[in-house]
There are 2 protein chains.
Amino acid sequence: MSTRRATISDVAREAGVSPSTASVVFSGKTPVSDATRRRVVDAASALGYTGPDPRAASLRTGRSGIVGVVFEEHLGTAFLDPVKTLMMDGLTEAVAPLGAGLLLLRDQETGQGPSLTTAPLDAAVLIGCSGLLRESLNTVRARGIPVVVIEGDAGEDVPRIELDNREAQAQAARHLRGLGHVDVAIVTLPARTGWQRGWVLDSTPITIDVTRERLAGARDVYPDAVAYAAAGSFIDEGLAAGRAILSRPGPLPTAILAQSDLLAAGVIRAAEEAGLRVPEDLSVTGFDGIVVDGLAPYELTTLVQPAAEKGRAAGHAVAAMLGGAEAVSIRFTCAFRGGNTTAVAPARE
Amino acid sequence: MSTRRATISDVAREAGVSPSTASVVFSGKTPVSDATRRRVVDAASALGYTGPDPRAASLRTGRSGIVGVVFEEHLGTAFLDPVKTLMMDGLTEAVAPLGAGLLLLRDQETGQGPSLTTAPLDAAVLIGCSGLLRESLNTVRARGIPVVVIEGDAGEDVPRIELDNREAQAQAARHLRGLGHVDVAIVTLPARTGWQRGWVLDSTPITIDVTRERLAGARDVYPDAVAYAAAGSFIDEGLAAGRAILSRPGPLPTAILAQSDLLAAGVIRAAEEAGLRVPEDLSVTGFDGIVVDGLAPYELTTLVQPAAEKGRAAGHAVAAMLGGAEAVSIRFTCAFRGGNTTAVAPARE
DNA sequence: TTGTATGCGTTATCAA
DNA sequence: TTGATAACGCATACAA
C-alpha cells in the first residue's frame, strides 16, 4: 500500500509551498500565515505524514533529545534500589523540559549493546562510583558529550552531585550517643562490588565511596564499633547482618546503625527474632528516608536524603551544560528524622 | 581548542584514503587491508575522532538502535513493581544483541517530553493495558514503527505478550478448594488507574485487564467470593485489604486469594495482626512468584509468572519485526508453586 | 581492495 | 511571511 514514507518535501509539494515553509509549520520557529499552515497541515494528513523524521532532524540540529543514564550494575538490580528509583524519577522530571528522554545504558560495554560509543546522546549521567566509572567517563568525554556524575568522584572538571554522607551518619551516631548508647554496632552497605556479606575488619578494603564515607561518619563518634557489611541494600541482608551481630559472643550492643533503611528494617526483624524489643532493648537507625513497604508500625529514625532532588539536580546540570553554561557540582545535605526506633539506652547490667 | 569535531572525511584525508574506505574501517562491512586500516585508525586517534556520528549514521541506515518502552504510569512507580523490573531486565537482555538500548517513555504526552512522536525509535514496547494505551498505539503505528504490547489488548494485528491469568488464578482457587476451603475472599489489584482501594461490587467497572482476568479465574471456582481491590501492588495495600476483609462482620474466610505476592505478604501481616496463624487459621495465596524481601519464614503458595521471559519475548518480537519477519503473539503460562502459606481448611465450627 | 558519486530528510541562513 | 540554497555526516551501490 504505502511504497515509501512521505517526507516534508512531499508535503510541501502537495500543499504548494516550499519545503522550508512546511518545516516551519511543524517546528513553529517562525510565524506562518494561518492559510498556509492549514494547507500544510491538510496536506500532511492527506499523505499520512506524522512529523519530521527525528533522525534527520537530529542530524541537522545536532540534538537527539536523549540523555544516557549509565549504571554500573545490572539494570534489573538498579531499580531494586528505591533510592535509585527516586533519583530516576527526579532525573526524568528535570530532563523533560529539555524535550529529552532517558536512555538506559550499562557500564559493561558488553560488545553488543548500544553503549556510550554509539548512542545518539546529547548528554550522559553516570551513576555510581566503581572503577568502571572511569572508563565510561573517558568514552563520553572523548565524544565531547556533557556529563554529570552522581555519587562518585570523577575528577575536578566534571560536575558532581553528592551527599554529606559522613557528616550525616555522624549525626545519627551523635543522636545515639546523646541517648546514652555506648555499645553500638554498624551494618554497612557492600564494601565493594561483588562483595559477600561479612565482618568488616580494619584490613578490609572498601572501594565503594558511599560505604566508606558513612562508615567513617559512624566511626567518628564510635571509633571501635564493630561493623558487618551486607551484600546489598535489602531487608533480608539486614536480617542476616542483624543475626550475625546479635548472635555474636559478648555483650549485645544497645544500638545498631544501619547504612540504609532497608538494612535497618532487616535489623529490626532480627531483633524481634531474638526477642529484643525495638527501641526499648535495641535502638536502630537507618539511612535514606525512603518509605519501607510493610515496616509499619515502626517509623525509622533515619537520615532523609533528597534522592529525587539529586536526580533533579543532575537533570538541571545537564540542561545547563546543554545551554552552554558551566555546570557546578552540588553537595546535598541529609536531614535527621527521628522515628520510634531509637530510645534511651537501657540501663547497663 | 577544538573548533569543530573531526568527521570521517577529515580522517580519510589525514590517512590519505577515501571517505568510503575510512567508513568501512569503522563499520567492518567490507574487508580492508591491514595497512590501510592502520593508517585510518592512526589518523582517527590523531584527530580525536571517536567513531561515526550516530545521528548521521542513523539517518543513513534508518536505524537508531533505540527501542522505546512506554509505561502507562509515573516512571518512578513503574520500577517499584518487581514484576516490571524483571520484565525490563529480560527486555534489556533481548534487545542488546540488536545493538539497541531502551528509551524510557511515558504515556502521558505531557507536551514537553520527547515522547513517541519525536524520539528516534526503531521500535516500541508498550506496557500495560489502560485506555491511554490505545492512543500511544495509534501514535506509534502512524509513524510506521513496529510495536509489541505486553499485558494488554491492542487489537488483532499487534503482537502481544500475555499470560494465562484467568486459568492460573483458577488453579490457585482449585488448590484451595482441594484443601477444603469454602469461605474464600479475594484481594485484587487496582480496578482501574487512579483507583482508590475498596470493595469490588458487581457494578464496579474493572478496566485493567490483569485484574479482571485474575478475578474471573478466582470466581470460576468461587463465584460468590467477596473481593476487595487494593490501590496498587504493595505490601501495605495488602495489609489494608486484609484488615478490611478480616474485620468484616460475619464468618471469617478460611483463605484469601491475593492477586499479587506483595498483596499476599500484606494479607499475611494483617492475619498476624488479627491473631490468626498462617496457614493453620488462614490460607493465603499470591501471584507472580517474585522474591518478597523480608517475608521469611513464609514461602508463599503462588503462581510463578515468567516475568523476565515476558520481557525477553517482547525483545525477540521486536528483533523479529526489525528483521522483517512477522512477530507472533505469545501466551505464557504460570506455574503453580506450593509454599507454606496454605493448608487444609480448619474444621468449621 | 579502494574510490566516486549520490542521497538519507531535515533545518538554518539569508534574501526576497 | 515565504522561498532558494546549502549543509548536517555518513553509508552504500557501483565502478575501477
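By convention in this document, chain letters (A, B, ...) are assigned in the order of the sequence lines, proteins followed by strands, and residues within each chain are numbered from 1.
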Round to the nearest Å and state the distance from [X] atom [atom1] to [N] atom [atom2].
{"X": "A:Arg63", "N": "C:dG9", "atom1": "CZ", "atom2": "P", "result": "24 Å"}
{"X": "B:Arg37", "N": "C:dT1", "atom1": "CZ", "atom2": "C1'", "result": "12 Å"}
{"X": "A:Asp53", "N": "D:dC10", "atom1": "CG", "atom2": "C1'", "result": "15 Å"}
{"X": "A:Ile8", "N": "D:dA4", "atom1": "CD1", "atom2": "C1'", "result": "15 Å"}
{"X": "A:Asp34", "N": "D:dT2", "atom1": "CG", "atom2": "C1'", "result": "15 Å"}
{"X": "B:Arg38", "N": "C:dT2", "atom1": "CZ", "atom2": "C1'", "result": "19 Å"}
{"X": "B:Arg13", "N": "C:dT4", "atom1": "CZ", "atom2": "C1'", "result": "16 Å"}
{"X": "A:Arg55", "N": "D:dC10", "atom1": "CZ", "atom2": "C1'", "result": "14 Å"}

Verify the contact: side-chain N or O of [X] to OP1 or OP2 of [N], cut-off strictly under 4.0 Å; return yes or no.
{"X": "B:Thr21", "N": "C:dT2", "answer": "no"}
{"X": "B:Ser18", "N": "C:dG3", "answer": "yes"}
{"X": "B:Ser20", "N": "D:dC10", "answer": "no"}
{"X": "B:Ser23", "N": "D:dA11", "answer": "yes"}

[X] side-chain proximity, nearest of [options]:
{"X": "B:Thr61", "options": "D:dT12, C:dG9, C:dT1", "value": "D:dT12"}
{"X": "A:Lys29", "options": "C:dA12, D:dC10, C:dT1", "value": "C:dA12"}
{"X": "B:Thr36", "options": "D:dA11, C:dT10, C:dT1", "value": "C:dT1"}

Should B:Arg55 and A:Asp122 count as an ion pair when the cut-off is N to O under 4.0 Å?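 Yes, B:Arg55 and A:Asp122 are salt-bridged.
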Carboxylate-amine/guanidinium proximity below 4.0 Å for A:Asp10 and A:Arg13: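 Salt bridge: yes.
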Look at the side chain of A:Arg60 and the base of C:dT10, then say whether one donor and one acceptor between them are separated by less than 3.5 Å.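 Looking at the base of C:dT10, it does not pair with any donor or acceptor on the side chain of A:Arg60 (distance under 3.5 Å).
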Could you check A:Ser9 against A:Thr30 and say which one's nearest nucleotide on DNA chain C is further toward the 5' end? A:Ser9
Does [X] reach a base, just sugar-phosphate, or nothing at all? Heavy atoms under 4.0 Å.
{"X": "A:Leu59", "result": "base"}
{"X": "B:Val17", "result": "sugar-phosphate"}
{"X": "A:Phe26", "result": "nothing"}

Once you round to the nearest 0.5 Å, how far does CD of B:Glu162 lie from NZ of B:Lys310? 10.0 Å
Give the minimum heavy-atom separation between A:Pro120 and B:Ser64, together with the two atoms involved. CD-O, 4.2 Å
Heavy-atom count check: over 12 atoms from other residues, nucleotides or ligands less than 6.0 Å from B:Arg331 CZ? yes
